[in-house]
Amino acid sequence: MAQRVAVSDGSHKKTTRVRVAVRLRPCMGKEDEKDEGLCVRGLDSQNLEIVNWRNATESVKYHFDAFHGEQTTQQEVFVSSVKPILPHILNGQNASVFAYGPTGAGKTHTMLGSPEQPGVIPRAVRAIFNLVKAKKEDEGWDYSIGMSYLEIYNEKVLDLLSPSSQDLPIREDKDKNILIPGLTHTTIDSFSDFDKHFVPASLNRTTASTKLNQRSSRSHAILLIKVVRTQRAPPRRQQTGKLYLVDLAGSEDNRRTGNQGIRLKESGAINLSLFTLSKVVDSLNSGTAVRVPYRDSKLTRLLQDSLGGSAHSVMITNIAPEYKYYFDTFSALNFAAKSKLIVNKPFTRETVAVPVLPVKRAREDHQARGSGT
Ligand code: ADP
Ligand code: MG
């Protein structure tokens, strides 16, 4: 049942729609930031609102496929937004999951997480092994699972499983499958086998980030899990399903932070891939048959066969509640939303119907106090 929801939600729409979820992380600012109040909050499991900076007596409301509030656990995000698409990978279909949003809003927490709170990546890989195990017993197919791990940095494609490699070209075969000929592809037999390859490669990336001006916030990290299944009996048909799990570069506008030189070039390149991604998602979700601009950036070119078409895609937009993120949050929400509504009422606690998601007591008190006319 849940699978259907991920495929389409409306008979008039094609299966190309990208599902959009928003995840708000808890407030992590210092005490004085908390005293300023928070600029965004959830209303229910699909709606949220943000202060309207143009007019403080208004808020802007957004509607999404799912809204995950600050109390939402890693398991809940996984079950609601990612788990439903996984069975398709075993049937030769493609899928992609993105974490989008400003640096510091929780993309890596959502995708990678920590040993105590594992994120989407370890949960999805475990789940795929479990799905394959369950299938094996009653069907006439053999399954093989493999992984690749790469980074797009300055519009260069770099192999994270073979860090000394150079920029790799992206190709398309006669069946319109996208491939990267020189990319390391490692067969994995178990989750611990996956971990053995993935963890050191992730650490490489983190180390590089502190040396090279927050490289991790400026590059797209892309994990590919490929499931190939082959019929045991003739005609021995073979199907390949690909799952891309993507921790995108930060969506903040680097021009505002006064970047110069190489940094400016980097942000330009990041903006190209992110900007193109937004155009691709827009054109897929609008349902009009205009040309989808996959070829305009490396990221969208790579994802061409796994985003739109018969593929299943989920975008998790991560946002932070503190005021210092306000403009980045606003632009991330506008990227994520096709529709928004400006409502003519102040952003105050008491004007809101009982929220579905629990809200911290201290915040309620503060906002109630701060809500004059
Ligand atoms: P990004 O990858 O978008 O730059 P991170 O995932 O690194 O952001 O998150 C920034 C900080 O916030 C990290 O310390 C992370 O552990 C914490 N964090 C993010 N989201 C959550 C959450 N939902 N619950 C608890 N902590 C979070
Ligand atoms: Mg990160």
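Going from atom CZ of R23 over to atom CD1 of I316 covers 8.0 Å, rounded to the nearest 0.5 Å. Taken from CG in L158 to OG in S165, the straight-line distance is 6.5 Å, to the nearest 0.5 Å. Of the inter-residue distances, the one linking L299 atom CG with L277 atom CG reads 5.5 Å to the nearest 0.5 angstrom. Taking CG of N47 as the start and CZ of F67 as the end, the distance is 9.5 Å to the nearest 0.5 Å. Remark: E151 CD to L160 CG distance equals 5.0 Å, nearest 0.5 Å. The distance from atom NZ of K298 to atom CG of L303, rounded to the nearest 0.5 Å, is 13.5 Å.
One hydrophobic cluster, built from ILVMFWY side chains closer than 4.5 Å, holds both L224 and L168. In this structure, I180 is a member of the same hydrophobic cluster as V246, with clusters built from ILVMFWY side-chain heavy atoms closer than 4.5 Å. Cluster membership for W141 and L131, using ILVMFWY side-chain heavy atoms within less than 4.5 angstrom, is shared.
Not a single donor-acceptor pair under 3.5 Å links the side chain of N154 to the backbone N or O of K156. In terms of modelled atom types and a separation under 3.5 Å, the side chain of K107 and the main chain of P102 share a donor-acceptor contact. Here the side chain of N94 pairs no donor or acceptor atom with the backbone of A311 at under 3.5 angstrom. Here the side chain of Y294 pairs no donor or acceptor atom with the backbone of D305 at under 3.5 angstrom. Using a distance-only test at 3.5 Å, with no hydrogens or angles considered, a donor-acceptor pair links the side chain of D173 to the main chain of D175. Between the side chain of T72 and the backbone N or O of G69, at least one donor-acceptor pair lies under 3.5 Å. Side chain of Q239 to backbone of L90: no donor-acceptor contact under 3.5 angstrom is found. Between the side chain of Q93 and the backbone N or O of H312 there is no donor-acceptor pair closer than 3.5 Å. Judged by distance alone, with hydrogens and angles left aside, the side-chain atoms of S96 form no donor-acceptor pair with the main-chain N or O of Y244 at under 3.5 Å.
The two atoms that bring L86 and A127 nearest to each other are CD1-CB, 3.7 Å, heavy atoms only. Taking each heavy atom of P293 and K279 in turn, the nearest pair found is CG-CB, 3.9 Å. Residues A99 and N318 come closest through the heavy atom pair CB-OD1, 3.8 Å. Across every non-hydrogen atom of A95 and I89, the tightest pair is CB-CD1, 3.6 Å. Residues S297 and E155 approach most closely at CA-OE1, 3.6 Å, considering heavy atoms. Smallest separation of non-hydrogen atoms from R17 and D65: NH2-OD1, 2.7 Å.
R25 forms a cation-pi arrangement with Y325, by the criterion of a distance under 6.0 Å to the ring centre and an angle within 45° of the ring axis.
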Which pairs of donor and acceptor atoms, one on a side chain in residues 181-193, lie under 3.5 Å apart (sequence neighbours left out)?
unit_1: T184; atom_1: OG1; unit_2: D159; atom_2: OD2; d: 2.6
unit_1: H185; atom_1: ND1; unit_2: S148; atom_2: OG; d: 3.2
unit_1: S190; atom_1: OG; unit_2: S192; atom_2: OG; d: 3.3
unit_1: S190; atom_1: OG; unit_2: D193; atom_2: N; d: 3.1
unit_1: D193; atom_1: OD1; unit_2: K196; atom_2: NZ; d: 3.3
unit_1: D193; atom_1: OD2; unit_2: D189; atom_2: N; d: 2.9

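Taking the six-membered ring for Trp and thresholds of 30 and 60 degrees, Y149 and F198 have ring planes inclined between 30 and 60 degrees apart.
For R229, the salt bridge (Lys or Arg N to Asp or Glu O under 4.0 Å) partners are E139, not counting sequence neighbours. The salt bridge (Lys or Arg N to Asp or Glu O under 4.0 Å) check on R301 picks up E172, with sequence neighbours excluded.
No donor-acceptor contact under 3.5 angstrom links the side chains of R19 and S313, judged on distance only. At a cut-off of 3.5 Å, with distance as the only test, no side-chain donor of E76 or H68 sits close to an acceptor on the other residue. Defined by atom type and a distance below 3.5 Å, a donor-acceptor pair is missing between the side-chain atoms of T230 and D142. Side-chain contact annotation: T300 with T276, donor-acceptor N/O pair under 3.5 Å absent.
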Next on the checklist: Would Y62 and T317 count as a side chain to side chain contact (heavy atoms under 4.5 Å, CB included) here? Give the steps.
Outcome noted: CA-CA 13 Å; Y62 294 85; T317 300; over 6 Å; no
